[in-house]
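Data block below; observations after.
Since this is a predicted model, take the numbers as computed values, not measurements.
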Amino acid sequence: GATSESTCLPCGSGKFSTATGAVSNETCVDCSRGKYTDRQGNADESQCLSCPSGTFSPETGASSIRVCIECRAGTFSTAMGLDSQDDCVDCDRGKYSTATGASSAETCVSCAAGTFSPVLGADSVASCLLCSAGKCSTAVGSQSEEGCVSCGAGKYSSSIGASSAGSCVPCAAGTFSETIGAQSAVSCTLCGAGKYGEAEGASSTDACQDCEAGKYLETEGNDASAD
């Protein structure tokens, strides 16, 4: 018979056993999913180490940290010992992350002003879509096109992905536009003959003033009574 403890065989790496007087390796239990140990002879489940934050493992009985798989780009995890990619948290809409194995929400980058993204767990800046012409967005991290604000009446913008209200150009004097979110100067309507408009960015035909008695204008789009 055995004459010392050293002749007792250890449970292999990736396993543990709390049993005393064990007569076979059938008492050796696999470390659970999300855990591993490269040591042998583990006497308690606590000796199975958790996969680090930002990783997971679906394997039981893992004997190396190499089984811990990184959360994919666009996701992260602050918790340890996860056993599935589904446990990794998606970056929110309006954000993206190119990093794999991320362990913090701070790796999720906000889409720039002038763009938006409705995508959860986006893994590329390509998910950030440009605001269309006639609109702009000054905010970062917009989650939908509703974050793109239309140029007001009397203005227009041909720029896509505009990040400043200054991209909305006022209609020239002698014209007006009642259109919200206009995309070009074509939306600016000329004041009719016999009228003139002195203000830029006019949003109504009311801005077109009649020539006073004794005067006339044959042309359209005049910006002063003396045109």
Quiz item: When rounded to the nearest 0.5 angstrom, what is the spacing between OH in Tyr156 and SG in Cys188?
Solution: 6.0 Å
Quiz item: Are there more than 12 heavy atoms of other residues, nucleotides or ligands under 6.0 Å from atom NZ of Lys155?
Solution: no
Quiz item: Is there a side-chain contact between Lys195 and Leu190 (heavy atoms, below 4.5 Å)?
Solution: no
Exercise. Check Glu70 against Thr100 and note the closest heavy-atom contact, atom names and distance.
Key: OE1-OG1, 2.9 Å
Quiz item: How far apart are the closest heavy atoms of Gly34 and Asp83, and which atoms are they?
Solution: N-CB, 4.1 Å
Exercise. Would you check if the side chain of Ser137 reaches a backbone N or O of Cys148 as a donor-acceptor pair within less than 3.5 Å?
Key: no
Self-check item: CD1 (Ile160) with more than 12 external heavy atoms under 6.0 Å
Solution: no
Quiz item: Which atom pair, heavy atoms only, marks the closest approach of Ala22 to Thr27?
Solution: CB-OG1, 3.4 Å
Quiz prompt | Heavy-atom side-chain contact between Cys191 and Tyr196 under 4.5 Å | solution = no
Practice problem: Please confirm whether the backbone N or O of Lys135 pairs with a side-chain atom of Ser157, one donor and one acceptor, at under 3.5 Å? | Solution: no
Exercise. Answer yes or no: is there a side-chain heavy-atom contact under 4.5 Å between Asp92 and Leu120?
Key: yes
Quiz item: Sequence neighbours excluded, which residues qualify as disulfide (SG to SG under 2.5 Å) partners of Cys151?
Solution: Cys168
Exercise. Would you indicate whether the side-chain heavy atoms of Ser57 and Val67 approach each other to under 4.5 Å?
Key: yes
Quiz prompt | Value rounded to 0.5 Å, distance of SG in Cys111 from CG in Leu130 | solution = 10.0 Å
Quiz prompt | Atom pair CG/CG of Leu49 and Asn42 - distance to nearest 0.5 Å | solution = 8.5 Å
Quiz item: Any sub-3.5 Å donor-acceptor pair from Ser142's side-chain atoms to Ser144's backbone N or O?
Solution: no
Quiz item: Quick one: are Ser132 and Glu145 in side-chain contact, heavy atoms under 4.5 Å?
Solution: yes
Quiz item: So how far is it from Leu82 CG to Thr55 OG1, rounded to the nearest 0.5 Å?
Solution: 7.0 Å
Quiz item: Is the shortest heavy-atom distance from the side chain of Phe16 to the side chain of Cys48 under 4.5 Å?
Solution: yes
Quiz item: Going through the distances and angles, do Glu45 and Ser32 end up as a side chain to side chain contact (heavy atoms under 4.5 Å, CB included)?
Solution: CA-CA 9 Å; Glu45 187 175 12; Ser32 59; 4.0 Å; yes
Quiz item: Got a second to check how far Lys35's NZ is from Met80's CE, nearest 0.5 Å?
Solution: 9.5 Å
Quiz item: Between Leu129 and Pro118, which heavy-atom pair has the shortest distance, and what is it?
Solution: CD1-CD, 4.5 Å
Show me, pair by pair, the donor-acceptor contacts under 3.5 angstrom made by side chains of residues 172-186, not counting sequence neighbours?
| unit_1 | atom_1 | unit_2 | atom_2 | d |
| --- | --- | --- | --- | --- |
| Thr175 | OG1 | Ala172 | N | 3.4 |
| Thr175 | OG1 | Ala172 | O | 2.6 |
| Ser177 | OG | Thr179 | N | 3.2 |
| Ser177 | OG | Ser187 | O | 3.3 |
| Gln183 | NE2 | Ala133 | O | 3.3 |
| Ser184 | OG | Val186 | N | 3.3 |

Quiz item: Within a strict 4.5 Å, meaning less than it, do heavy atoms of the Tyr96 and Cys128 side chains meet?
Solution: yes
Quiz item: Between Asn25, Thr60, Asp30, Thr37, which is the residue that forms a side chain to side chain contact (heavy atoms under 4.5 Å, CB included) with Lys15?
Solution: Asp30
Quiz prompt | Verdict with supporting geometry, Cys91 and Cys108, disulfide bond (SG atoms under 2.5 Å apart) | solution = CA-CA 6 Å; Cys91 289; Cys108 300; 2.1 Å; yes
Quiz item: Judged by atom type as modelled, is there a donor-acceptor pair below 3.5 Å linking the side chain of Arg33 to the main-chain atoms of Pro58?
Solution: yes
Exercise. Evaluate side chain to side chain contact (heavy atoms under 4.5 Å, CB included) for Cys88 paired with Phe56, printing each intermediate quantity in order.
Key: CA-CA 8 Å; Cys88 302; Phe56 64 93; 4.0 Å; yes
Quiz item: What are the two closest heavy atoms between Thr78 and Ser103, and how far apart are they?
Solution: CG2-O, 3.5 Å
Quiz item: Would Leu217 and Cys211 count as a side chain to side chain contact (heavy atoms under 4.5 Å, CB included) if you check the C-alpha gap in whole Å, the side-chain angles of each, and the deciding distance to 0.1 Å?
Solution: CA-CA 7 Å; Leu217 284 168; Cys211 290; 3.5 Å; yes
Quiz prompt | Spacing of CZ belonging to Phe116 relative to CD belonging to Glu146, to within rounding of 0.5 Å | solution = 10.0 Å
Quiz item: Quick one: are the Cys51 and Cys68 sulfurs under 2.5 Å apart?
Solution: yes
Quiz prompt | Shortest non-hydrogen contact from Thr138 toward Ser164 | solution = CG2-CA, 4.2 Å
Exercise. State, with a plain yes or no, whether a side-chain heavy atom of Ser117 is found less than 4.5 Å away from one of Arg93.
Key: no
Quiz item: Any sub-3.5 Å donor-acceptor pair from Gln85's side-chain atoms to Arg72's backbone N or O?
Solution: yes
